[in-house]
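Counting convention: from 1, in listed order, for ligands and their atoms alike. Because only heavy atoms are used, hydrogens play no part in the values below, and waters and symmetry mates are left out as well, while side chains stay in.
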Amino acid sequence: MSVVVRLDRLLANMGYGSRREVQQMVRAGQIRLDGAPVTVADMKIAASQDLAQRMTVRGHRLDPPPGVVLMLHKPLGVTCSHKDAGPLVYSLLPPRWRSREPAISTVGRLDKETTGLLLLTDDGDLLHRIISPKRHVPKRYLATLARPLDGSEGARFASGTLMLEGDEKPVAPAVLEPLSPTTAHLTVTEGRYHQVRRMFAAVGNHVEALHRDRIGALALPDDLAPGSYGLLGEAEVAAIFAAPEGPAASN
Ligand code: URA
């Protein structure tokens with residue numbers, strides 16, 4: 001469901017400039033709707049996603065209106081923060097998108113040295129639904145380990161009794177799927193700080209590389225290059241909450 005808003009406010013909140021600047025763009029005939037110039041800057045308009053197909057600003061298609069959900073292939077070395085020093089994931093998005101209100105934020109975080117599937121959205125309700133511990137949305141990681149698995153890890157991760165250093169509660173049961181002596185998928189339903197790295201540390205191993213490839217039934221597509229992102233449609237957002245196929249579905 002889309003909300004009805006004033007056009008100048010909508011575009012200002014989407015980072016196109018102040019309301020006054022948007023009004024000037026309207027006067028200059030630079031904003032077009034369904035092929036015709038908009039003449040009333042404070043016209044009421046439904047901020048639906050299809051507006052991006054119907055409206056142009058200075059000849060360019062409108063950015064996605066509020067209600068954006070993005071899938072980004074996080075590369076190595078960028079931080080999931082709005083303010084840390086060093087390269088931020090937000091620098092991978094168009095500069096105008098960084099002045100949007102509501103802001104586009106990452107859904108949880110991946111460590112600077114973790115790669116893979118990262119969701120971003122300006123929809124606070126959706127964000128909380130995905131990260132809520134009550135929802136148990138499974139997140140699958142591919143871990144590359146310093147030492148070979150010894151065969152005991154799967155049971156320890158599944159037990160619901162594994163304690164991580166500094167935590168007061170054991171981690172919820174997680175599913176390990178060994179792929180080779182030193183690589184495995186691990187599916188977790190919580191989002192604790194450095195969780196996967198700390199879980200392997202708790203069983204005497206060390207994660208050398210970590211990549212998230214799935215959230216719920218939503219998989220990172222092979223053709224989404226590191227640093228690239230795409231807009232998610234309704235079916236893909238629904239897949240976040242759908243059970244994935246395979247052993248991790250028993251989580
Ligand atoms: N677990 C980690 O250790 N790091 C991440 O980035 C995500 C999960």
Colleague: Please work out which of the three classes, parallel, tilted or perpendicular, describes the rings of F157 and F200, given edges at 30° and 60°.
Modeller: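 Aromatic pair F200/F157 classed perpendicular.
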Colleague: I'd like to check which ligand 1 atoms, numbered from 1 as shown, lie under 4.0 Å from a non-hydrogen atom of Y141.
Modeller: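 This gives 7 (C), 8 (C) as the contact atoms.
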Colleague: Please say whether V196 places an N or O atom under 3.5 Å from an N or O atom belonging to ligand 1.
Modeller: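 Min N/O separation from ligand 1 is below 3.5 Å for V196.
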Colleague: Verify the distance criterion only: is there a donor paired with an acceptor across the side chains of D150 and S152 at less than 3.5 Å?
Modeller: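 A pair is found: one side chain offers a donor N or O, the other an acceptor, under 3.5 Å apart.
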Colleague: Looking at L7, D8, N13, which hits side chain to side chain contact (heavy atoms under 4.5 Å, CB included) with L11?
Modeller: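 Exactly one pass, corresponding to L7.
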Colleague: Taking the minimum heavy-atom distance to atom 3 (O) of ligand 1, which of K139, H194, H211 ranks first?
Modeller: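 Considering heavy atoms of K139, H194, H211, the nearest to atom 3 (O) of ligand 1 sits in H194.
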Colleague: Salt-bridge test for D167 and R198: reply yes if a basic N is under 4.0 Å from a carboxylate O, no otherwise.
Modeller: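 Counted as a salt bridge, because a side-chain N and a carboxylate O are separated by less than 4.0 Å.
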Colleague: Hydrogens and angles aside, do S228 and H73 bring a side-chain donor and acceptor to less than 3.5 Å of each other?
Modeller: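 Side chains of S228 and H73: no pair found under 3.5 Å.
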Colleague: Among V107, L72, L88, V89, which residue meets the side chain to side chain contact (heavy atoms under 4.5 Å, CB included) test with C80?
Modeller: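 The option that passes is V89.
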Colleague: Can you pull out the closest protein heavy atom to atom 4 (N) of ligand 1? Residue, atom name and distance to 0.1 Å, please.
Modeller: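 Closest protein heavy atom to atom 4 (N) of ligand 1: D111 OD2, 2.7 Å.
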Colleague: For ligand 1, note which part of V188 has a heavy atom under 4.0 Å away: side chain, backbone, both or neither.
Modeller: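 Within the 4.0 Å criterion, V188 makes no contact with ligand 1.
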Colleague: Would you say Y193 touches ligand 1, if touching means a heavy atom closer than 4.0 Å?
Modeller: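 Checking ligand 1 against Y193, which is what was asked, there is no heavy-atom contact under 4.0 Å.
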Colleague: Run the numbers for me: atoms of ligand 1, each under 4.0 Å from some heavy atom of T114, listed by number.
Modeller: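 So the atoms of ligand 1 that pass are 4 (N), 5 (C), 6 (O).
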